[in-house]
Amino acid sequence: MKKIIMGENIVKSFGEGDEKRNVLDGVSVEINEGEFVSVMGPSGSGKSTLMFSLCGMDGIDSGKVTFSGRDLSVLKEQELADIRRTKMGFVFQQPTLLKNLNILDNIILPSMRDNRKNAAKITKKARALMKKVGIAELEKRDITQVSGGQLQRAGICRALMSNPKIIFGDEPTGALNSKYAQEIMDILSEINAEGTAVMLVTHDAKVAARTERIMFMRDGKIVSEMRLPKFNGTHIDDRMIKVMAKMREMGI
Ligand SMILES: Nc1ncnc2c1ncn2[C@@H]1O[C@H](COP(=O)(O)OP(=O)(O)OP(=O)(O)O)[C@@H](O)[C@H]1O
Ligand SMILES: [Mg+2]
């Protein structure tokens with residue numbers, strides 16, 4: 001299996017002097033191309049920090065992060081930004097879309113910044129993605145005029161515009177009710193089935209149960225890992241029971 005991300009013995013601390021604390025305490029993690037993984041763990045265990053370190057958004061104190069074979073620490077700021085913009089997609093709990101821009105313009109904005117000449121092509125692609133996630137008819141709406149689930153779908157479209165090799169999601173369903181959460185998971189599963197790796201942080205057993213590998217964090221370390229067969233739309237309850245049993249065992 002080809003690795004898309006490799007983190008080796010990552011240490012990251014916050015604070016100074018006596019206050020200094022390792023938030024990531026020697027974490028090693030590998031994600032394969034096209035893999036669908038999740039990270040669970042108590043609040044404050046370092047899940048978001050790990051994700052930010054793996055995508056190069058946050059620097060690390062020691063250890064190494066490699067993306068598609070490239071050591072992130074030796075890249076220039078601009079090279080790193082280019083990799084993030086073209087190879088990685090990000091979906092957060094609250095999509096960071098801009099007010100005063102309609103849904104379509106929000107989705108195309110980052111791509112237009114890169115390549116204004118291709119406006120027609122970019123718009124066509126955005127419309128195809130909106131159709132795929134079921135928000136085609138909302139393109140002219142302001143972001144205050146759609147539901148949370150619809151907004152998150154728009155966030156996913158924006159993340160997909162560059163055909164990323166991996167989507168990072170920090171609690172992408174955290175603000176949604178369970179019906180909308182499952183719809184977002186359907187979309188992420190479909191994107192994954194088409195070959196894009198997905199890494200999610202989640203507190204929700206039903207979300208984690210859709211992934212094929214769950215890493216459990218505690219106090220800045222990955223303390224356990226659980227594998228499931230790739231989700232094919234069936235046996236979600238059985239998968240969830242397994243995840244919940246493991247969560248109980250881990251004291252989450
Ligand atoms: N910028 C920062 N400065 C200082 N401490 C920080 C900073 N960011 C995170 N921390 C601390 O690092 C620890 C891990 O934070 P992190 O956000 O990674 O946790 P998490 O597992 O994502 O938690 P949650 O489930 O609540 O989102 C926490 O104790 C947090 O207070
Ligand atoms: Mg977090």
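Remember, it's 1-based here, ligands and their atoms both numbered in the order they're listed.
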Legend entry - Neighbouring protein N, O or S atoms of the Mg ion (ligand 2), below 2.8 Å: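 Protein heteroatoms (N, O, S) closer than 2.8 Å to the Mg ion (ligand 2) number 1.
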Return yes if a side-chain donor-acceptor contact under 3.5 Å exists between [X] and [Y], otherwise no.
X	Y	answer
Lys140	Asn102	no
Ser13	Asp61	yes
Arg210	Gln182	yes

Inset, instruction - Taking side-chain contact (heavy atoms from CB on, under 4.5 Å) as the test, write out the residues that go with Ala175, two or more places apart. - result: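 Ala175: side-chain contact (heavy atoms from CB on, under 4.5 Å) contacts with Gln93, Gln94.
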Legend entry - Contacts of His203 that satisfy side-chain contact (heavy atoms from CB on, under 4.5 Å) - sequence neighbours left out: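 Lys47, Glu171.
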Legend entry - Nearest heavy atoms of Asn106 and Pro110, plus distance in Å: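 Shortest heavy-atom separation between Asn106 and Pro110 comes out as O-CD, 3.7 Å.
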Inset, instruction - Identify the two heavy atoms, one from Thr202 and one from Ser38, that lie closest to each other, and give their separation to 0.1 Å. - result: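 Nearest pair, atom of Thr202 first, then Ser38: CG2-CB, 4.4 Å.
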Inset, instruction - Please work out whether the ring planes of Phe52 and Phe92 are parallel, tilted or perpendicular, with thresholds of 30° and 60°. - result: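 Rings of Phe52 and Phe92: tilted, as their planes differ by 30° to 60°.
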Legend entry - NZ (Lys132) with more than 12 external heavy atoms under 6.0 Å: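 Counting other residues, nucleotides and ligands, NZ of Lys132 exceeds 12 neighbours.
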Inset, instruction - Heavy-atom cut-off of under 4.0 Å around ligand 1: list whichever protein residues fall inside it, by chain and number. - result: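 The 4.0 Å shell around ligand 1 contains Phe14, Arg21, Val23, Pro42, Ser43, Gly44, Ser45, Gly46, Lys47, Ser48, Thr49, Glu171, His203.
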